[in-house]
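Below you'll find the structure, written out as structure tokens, and then a few comments.
Note that this is a predicted model, so its numbers are computed, not measured. Naming convention: chains lettered A, B, ... in sequence-line order (proteins, then strands); numbering from 1 in each chain.
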Protein chains: 2
Amino acid sequence: MVKISDVARESGTSPATVSRVLNKNDRVDPELVRRVVSAADRLGYRPNALARNLRRQRTSLWLLIISDIEDSFFTSVARGVEDVAQRNGFSVVLCNADEDESKEMQYVELAASELAAGVILSPHSARTHVERLASSSIPLVLIDRSLSTPVDFVTSDSRGGARAATEHLLQQGWRRPACITGPRSAETAELRRAGYEDALEAAGIRTKRIVHEPFHIDGGRTGAAQLLDRGKPPDALFVANSALAMGALEELWSRGLRPGSDIGLITFDDVPWARFTDPPISVVAQPAYQVGARAAQMLVERINGSLQGKPRKIVLETELVVRASSRRALPPADRGASAGKTAIKGAHLAVADTSRT
Amino acid sequence: MVKISDVARESGTSPATVSRVLNKNDRVDPELVRRVVSAADRLGYRPNALARNLRRQRTSLWLLIISDIEDSFFTSVARGVEDVAQRNGFSVVLCNADEDESKEMQYVELAASELAAGVILSPHSARTHVERLASSSIPLVLIDRSLSTPVDFVTSDSRGGARAATEHLLQQGWRRPACITGPRSAETAELRRAGYEDALEAAGIRTKRIVHEPFHIDGGRTGAAQLLDRGKPPDALFVANSALAMGALEELWSRGLRPGSDIGLITFDDVPWARFTDPPISVVAQPAYQVGARAAQMLVERINGSLQGKPRKIVLETELVVRASSRRALPPADRGASAGKTAIKGAHLAVADTSRT
DNA sequence: ATGAAAGCGCTAACAC
DNA sequence: GTGTTAGCGCTTTCAT
């Protein structure tokens, strides 16, 4: 391994000068710069980040800890984070906590012990993480789900989106809606349930029909099965995320129930394949890329100190995308090729500000 | 920041002993262990990984550099890698190169300068990466795509899978197949095209009908459009990955062409939603999790030295999953609920060994 | 503008 | 079995 002292010797100068040249800090004599650069080049010198980090007591690495790498919401978030990070000279590495609290903790520990420049986290629960990072004074921005502790936070309006989705179902003439949501420990699950209930209450519907399941495909399957096996089964489903939606869809399919004709269906998250299902699925679209980008922007500002004071909270608007699965009126004849094209897109929610701080 | 010397003082011993206790290496007096542990606990001591890494000249971090985080093939690979890494005491961070060579280079550089314990990479092209890592003697395992330089490598049998898929189309009675594959620079794209051609040649079909497009949804759209606009359009499509498949599906949809009845369709990669499309899509399934797990296993063995000598190559079998989109016989009446259930699964390929070394 | 020197926190020889 | 000590490669005062 060729080190800085080798370059110094080769260029007939001192380690200090080489360091200065490499970090293009001070005004060094142009002639020396030339000599150092050429020497470094000739020797194939590569700075050792480990030594630099230890000396500087900081890195330029961000950890983005997400709860499920197979959820397209989070992969879109990741792209938003990466774009902003790159523009600001940070590298992002992704950590998949996999909805597992101990893995999450492990990655938080990694961030702390490796002195990450910043962390963006979608917390499973537990505020211990926050304290751990705070004690190492590593800036943290939460996404998707908040914690009781006040921390910078970016999310989208789950409750408003859920309410709009449910109201849409009711407007379409579905009369016995039900809700498949995530576990009580997940904030987004509870908010989406609450939005669903908001709509029911506003419409004077007393029977709630709610099931809580893990945010996985199996949860969607068993949740749908439970609801459909009841004495008075629902005629429409509001499903709180895309993994649950896949399970629910599978269950409907296996019972020969066709969304749009036999049962109404609307779900959270505009996954890329929602247009290709039979029939296309109506969704509440979250601005996932923006969630990531805004979170990254906040992190940059915390790191460089331009954002100070108490934590900010940003809530982004969702968008209702109406396709065939939620429309009651759709006649069976109108299936197939035309179904994809007739999808209405863009009914913006009336609820909530674009972003409040 | 509380450091090892603080713990030493607090427990009335030396830094060396504290270090030994923390790394549970030597046989230290149980009484001392107790005192050290309790002192560390009391002071809230956290080891500084930066210092440790610098001293040891190694880390326990793996970089997994993938070409597209939104491709479910790679997210499944990631889970395979993570499971094996965790069992062996390594942390995995994911880097999304986004099919961008300069980003990929950047992450390789990160791995080298941070002295990663190992790297798993799906290379976009360029063998410079390999040399860079080799010069820092960081073990590397390639996945999905190989390079001209010999390096440990795990993939699945693209060519065999493509051939089997195409043969299946022909057996179903489709007569004018076409192929939408990726760019010529992508090895998997070329192998799948080759497998497609193998089947055509074996069947004595002379007209190849092949288009090369970027591995993105737009590529699928324009690729399909090009083929369908020809004087003699194809009556069946073999599509080389899932992003392309989405675009192709969109194009078919917009022209009112229904897979299975109007046109045959089979694609690479068993994405979770392939069962939910209209109609369900036949696919060549890659053992993505296994690709990741096997690659990780090789990396472990390279790191601990139990695997030595020249690079190994592992080629895993693919699986043909036949659903409705490729079956010509499917009568229009058999749509809807039953279509998902009647899917045949499991026709194993006759080609290739399970894994050769 | 440049160099000398200290030291970031830890581990691994080496001595006892 | 435990302590002493040197030093990983770099940056950054502090002199000059």
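Residues passing the ring-ring contact (aromatic ring centres under 6.0 Å, His included) test with F215(B), sequence neighbours excluded: none. Annotation: ring-ring contact (aromatic ring centres under 6.0 Å, His included) contacts of F90(A) (sequence neighbours excluded): W62(A). With sequence neighbours excluded, the residues forming a side-chain contact (heavy atoms from CB on, under 4.5 Å) with L43(A) are V2(A), D6(A), V7(A), E10(A), listed by chain and number. Scored by the side-chain contact (heavy atoms from CB on, under 4.5 Å) test, S14(B) finds A16(B), T17(B) as partners (sequence neighbours excluded). In this structure, the side-chain contact (heavy atoms from CB on, under 4.5 Å) partners of A295(B), at least two apart in sequence or on a different chain, are I120(B), V141(B), I143(B), V154(B).
Contacts of L32(B) with the nucleic acid, taken as non-hydrogen atoms under 4.0 Å apart, involve only primed sugar atoms and P, OP1 or OP2. Within the nucleic acid shown, N53(B) has no heavy atom closer than 4.0 Å to any nucleic acid atom.
Of the candidate nucleotides dT12(D), dC8(D), dG9(D), dT12(D) has the atom lying nearest to any side-chain atom of S19(A).
From N48(B), atom CG reaches atom OG of S136(A) across 10.0 Å, with rounding to the nearest 0.5 Å.
The salt bridge (Lys or Arg N to Asp or Glu O under 4.0 Å) pairs that include a residue from residues 48-67 of chain B number zero, where partners must be two or more places apart or lie in different chains. Pairs passing the salt bridge (Lys or Arg N to Asp or Glu O under 4.0 Å) check and including a residue from residues 62-76 of chain A, sequence neighbours excluded, read E70(A)-R79(B).
Taking every heavy atom of residues 11-18 of chain A and every atom of DNA chain C, pairs under 4.0 Å involve T13(A), S14(A), A16(A), T17(A), by number. Using a 4.0 Å cutoff on non-hydrogen atoms, no part of residues 131-140 of chain A comes near DNA chain C.
The terminal axes of the helix from dA1(C)-dT16(D) to dC16(C)-dG1(D), fitted over 5 pairs per end, subtend an angle of 40° to the nearest 10°.
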Just the table, please: protein N/O against nucleotides 14-16 of chain D N/O, every pair under 3.5 Å.
none

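Residues D83(B) and Y289(B) have side chains that bring a donor and an acceptor to within less than 3.5 angstrom of each other.
Side chains of F74(B) and I69(B) form no contact here, defined as non-hydrogen atoms less than 4.5 Å apart.
Counting 5' to 3', DNA chain C first comes under 4.0 angstrom of a heavy atom of chain A and last does so at the ends given by dA1(C) to dG9(C).
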